[in-house]
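Take a look at the structure below.
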Amino acid sequence: MLDVGFIRQETDLVRRALRAKGESADIDWFLRLDKDLRAVVTETEGLRARQNQLSPEIGRRKRAGEDADALLEEVSDLKAKQKQLNDRKDQLELDLRRILMRIPNLPADDVPVGHSDSDNAIVDTWGEPRTFEFEPKAHYDVGDALGMFHSDRAARISGSGFSLLTGALAQLERALWNYMLDIHTREHGYTEAAAPYLVRGTSLEGSGQLPKLEGDMYRCRDDDLWLIPTAEVPVTNIHRQEILTEDELPLRYAAFSPCFRRESGAAGTDTRGLTRMHQFHKVEMVAVTRPEDSDAELLRIRANAETILQRLDLPYRVVLLCTGDTSFASAKTFDLEAWAPGCGKWLEVSSISTFRDFQARRAEMRYRPAEGGKPRHVHTLNGSGLALPRVLVAILENYQREDGSVAIPDVLRPYMGWKTDIR
RNA sequence: GGAGAGAUGGCUGAGUGGUCGAAAGCGCCGCAUUGCUAAUGCGGUGUGGGUGUUGAAGCCCACCUCGGGUUCGAAUCCCGAUCUCUCCGCCA
């Protein structure tokens with residue numbers, strides 16, 4: 001969330017940013033409630049101060065056997081007034097918070113202004129799309145032919161939007177996430193984290209999914225827990241309500257997790273294959289930095305994610321999302337899109353974002369500067385490193401051969417018992 | 001699921017109705033002293049908010065897990081919630 005003082009002072013900037021993101025919030029009403037709140041607080045505290053003055057005096061007089069009736073009367077008067085003001089204060093705070101939690105993060109200055117993905121900027125490409133001597137098949141046809149991809153059975157078990165992989169294909173997915181975690185922890189300096197897959201609502205507020213994305217997630221109502229849509233949620237909340245020391249920063253975590261998404265707004269799209277699932281696996285990178293380091297960290301995470309694609313030798317492009325495509329909590333987001341020659345599509349396999357202090361403010365994550373002074377909010381960032389089913393798709397479609405077999409990328413062979421292909 | 005115990009500041013740990021934002025110790029910071037280090041002495045050391053000054057000082061309010069209540073007055077009493085721990089049961 002944004003700082004209330006900032007909204008007060010930079011009102012126009014906030015308005016402009018909201019418009020650029022295609023979001024709306026009643027800033028005027030917010031400011032008015034904010035003003036009312038401060039008036040009420042000032043008045044209540046004055047009454048309270050007076051009461052605090054009277055109490056000891058009442059005690060003294062009672063003990064001395066003197067008359068305290070006049071003071072008691074004044075106190076009961078003060079309390080009655082405070083009660084009224086307090087009700088008003090509670091209501092104002094509730095209303096303000098409701099608005100504040102729905103105001104999105106401001107986009108960074110260098111994010112292109114735009115409404116849809118057609119306004120996104122392609123900032124880099126890597127690799128040459130492979131050429132085939134035959135018509136490359138879509139991954140589901142490749143998997144079907146191998147007898148290792150079972151959409152009909154998955155549907156019988158859980159309905160549409162779920163996948164069932166068997167044999168070498170299931171193994172290949174496990175090889176991929178092991179490989180990714182190994183690279184990030186051994187070469188990129190991340191600490192591996194195994195975090196809960198069920199979280200409380202407060203964690204989701206901390207990372208920014210709630211309240212806005214309530215309908216996109218699975219909720220266990222009996223226990224008031226939610227299935228995580230990404231490991232970002234538990235991992236970003238690791239240091240919730242902590243004051244870190246400056247020398248602990250930056251913190252870098254890499255975590256594998258399943259991700260659960262209702263995809264309620266996407267019903268009917270991408271129904272075939274593995275590109276849009278209610279449940280999928282992902283390796284996620286999360287960083288916590290000093291504010292002055294977060295811009296560099298964003299590029300670092302992006303490079304870490306790109307490393308995986310490069311070593312898998314999968315052609316991809318880097319997209320800088322425009323204001324309208326940048327998510328609620330993000331200030332700036334890069335997507336990595338791998339080329340899938342079978343579907344003929346660029347698949348988003350990673351999304352790398354800086355949230356600046358937006359999540360830190362919600363999750364109350366701060367650090368104390370080395371030279372002392374007030375705690376400051378940290379900056380948080382994350383990036384997929386990478387999302388598995390789509391990487392699997394890219395591998396199946398890029399590494400397929402005319403005879404229906406699939407070559408195993410070199411770097412994964414140690415994880416696949418040194419097999420060279422799947423057939 | 002059953003029975004019990006507990007939750008205090010960065011940490012340990014006192015405190016059962018007023019003088020407690022909270023003893024003491026540890027840690028940390030500053031100063032002093034010692035030819036360095038160690039040791040010692042003195043002082044300081046939480047967070048959020050209001051007001052103010054348009055990055056001051058000051059003043060005020062709140063916070064002893066959270067939310068209610070009793071009281072002129074609550075860290076202390078009452079009720080509820082959450083979390084932690086122990087034992088039993090169950091279970092991968």
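Residue numbers start from 1 in every chain, and the chains themselves are labelled A, B, ... in the order their sequence lines are given, proteins ahead of strands.
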For nucleotides 15-22 of chain B, tabulate all protein N/O to nucleotide N/O atom pairs closer than 3.5 Å, reporting atom names and distance.
from: B:rG18; atom 1: N2; to: A:S55; atom 2: O; distance (Å): 3.2

To the side chain of A:Q51, which of B:rU47, B:rG73, B:rG50 is closest? B:rG73
Out of B:rG48, B:rC61, B:rC72, which has the shortest distance to the side chain of A:R366?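 Of B:rG48, B:rC61, B:rC72, B:rG48 is nearest to the side chain of A:R366.
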For atom [atom1] of [X] and atom [atom2] of [N], their distance in whole Å:
X: A:E364; N: B:rG49; atom1: CD; atom2: C1'; answer: 14 Å
X: A:L78; N: B:rG73; atom1: CG; atom2: P; answer: 11 Å
X: A:Q53; N: B:rG73; atom1: CD; atom2: P; answer: 15 Å
X: A:D3; N: B:rG55; atom1: CG; atom2: C1'; answer: 14 Å
X: A:I243; N: B:rG10; atom1: CD1; atom2: P; answer: 7 Å
X: A:K35; N: B:rU51; atom1: NZ; atom2: P; answer: 11 Å
X: A:E248; N: B:rG10; atom1: CD; atom2: P; answer: 14 Å
X: A:Q241; N: B:rG9; atom1: CD; atom2: C1'; answer: 16 Å

Which pairs with one or both residues in residues 378-391 of chain A pass side-chain hydrogen bond (donor to acceptor under 3.5 Å, both in side chains), sequence neighbours excluded?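 Passing the test, one end in residues 378-391 of chain A: A:E232-A:N382, A:S294-A:H379, A:Q359-A:T380.
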Determine the Euclidean distance between corresponding [atom1] atoms of [M] and [N]; express it in Å to zero decimal places.
N: B:rG48; M: B:rG89; atom1: P; value: 48 Å
N: B:rC28; M: B:rC20; atom1: P; value: 29 Å
N: B:rA24; M: B:rC60; atom1: P; value: 24 Å
N: B:rG13; M: B:rC26; atom1: C1'; value: 11 Å
N: B:rG25; M: B:rA14; atom1: C1'; value: 11 Å
N: B:rG69; M: B:rC63; atom1: P; value: 13 Å
N: B:rC64; M: B:rA7; atom1: P; value: 14 Å
N: B:rG21; M: B:rA81; atom1: C1'; value: 26 Å

Taking atom types as modelled, is there a side-chain donor on A:D95 or A:Q91 under 3.5 Å from an acceptor on the other? yes
Does the side chain of A:R262 pick up a donor-acceptor pair with the side chain of A:Y218 at under 3.5 Å? no
[N] pairs with, by Watson-Crick or G-U criteria that keep both distances under 3.5 Å:
N: B:rC36; value: none
N: B:rA23; value: none
N: B:rU16; value: none
N: B:rC28; value: B:rG44
N: B:rU70; value: none
N: B:rA3; value: B:rU86
N: B:rU54; value: none

Salt-bridge contact [X]-[Y] (side-chain N to carboxylate O under 4.0 Å):
X: A:E66; Y: A:R60; result: yes
X: A:R97; Y: A:E93; result: no
X: A:D357; Y: A:R366; result: no
X: A:E45; Y: A:R48; result: no
X: A:R102; Y: A:E23; result: no

What does the list of N/O pairs under 3.5 Å between the protein and nucleotides 62-68 of chain B look like, with a distance for each?
from: B:rA62; atom 1: OP1; to: A:R48; atom 2: NE; distance (Å): 2.7
from: B:rA62; atom 1: OP1; to: A:R48; atom 2: NH2; distance (Å): 3.4

Look at the side-chain N and O atoms of A:R368 and state whether any lies under 4.0 Å from the OP1 or OP2 oxygen of B:rU47.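 The answer is yes; a side-chain N or O of A:R368 sits under 4.0 Å from OP1 or OP2.
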So does A:K79 get a side-chain nitrogen or oxygen closer than 4.0 Å to the phosphate oxygens (OP1/OP2) of B:rU71? no
Per-nucleotide protein contact along nucleotides 80-85 of chain B, 5' to 3', at a 4.0 Å heavy-atom cut-off (B base, S sugar-phosphate only, - neither), is --SS--
Output side-chain donor-acceptor pairs under 3.5 Å for residues 183-200 of chain A, partner residues at least two apart or in another chain, one line each.
from: A:H184; atom 1: ND1; to: A:H188; atom 2: ND1; distance (Å): 3.1
from: A:H184; atom 1: NE2; to: A:G385; atom 2: O; distance (Å): 2.9
from: A:T185; atom 1: OG1; to: A:L181; atom 2: O; distance (Å): 2.7
from: A:T185; atom 1: OG1; to: A:D182; atom 2: O; distance (Å): 3.3
from: A:E187; atom 1: OE1; to: A:R311; atom 2: NH1; distance (Å): 3.2
from: A:E187; atom 1: OE1; to: A:R311; atom 2: NH2; distance (Å): 2.7
from: A:E187; atom 1: OE2; to: A:R311; atom 2: NH1; distance (Å): 3.1
from: A:Y190; atom 1: OH; to: A:N304; atom 2: OD1; distance (Å): 2.8

Both A:V41 and A:G46 contact RNA chain B. Taking the nearest nucleotide for each, which residue is further toward the 5' end? A:V41
Of the options A:S353, A:S351, A:S350, which is the one that meets A:D335 in a side chain to side chain donor-acceptor pair (under 3.5 Å)?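 Between A:D335 and the candidates, side chain to side chain donor-acceptor pair (under 3.5 Å) is satisfied uniquely by A:S351.
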Minimum heavy-atom distance A:L274-A:S163, with the two atoms named: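 The answer is CD2-CB, 3.4 Å.
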Over all heavy atoms of both residues, which pair between A:M416 and A:A168 is shortest? Give the atoms and the distance, please. CE-O, 3.7 Å
Restricting to side-chain hydrogen bond (donor to acceptor under 3.5 Å, both in side chains), what partner residues turn up for A:D110, sequence neighbours left out?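 Testing A:D110 for side-chain hydrogen bond (donor to acceptor under 3.5 Å, both in side chains), a comparison that skips the adjacent residues, returns A:K332.
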Pair A:R219-A:D224, salt bridge (charged side-chain N to carboxylate O under 4.0 Å, His left out): steps then yes or no: CA-CA 7 Å; A:R219 179 180 196 172; A:D224 203 24; 2.9 Å; yes
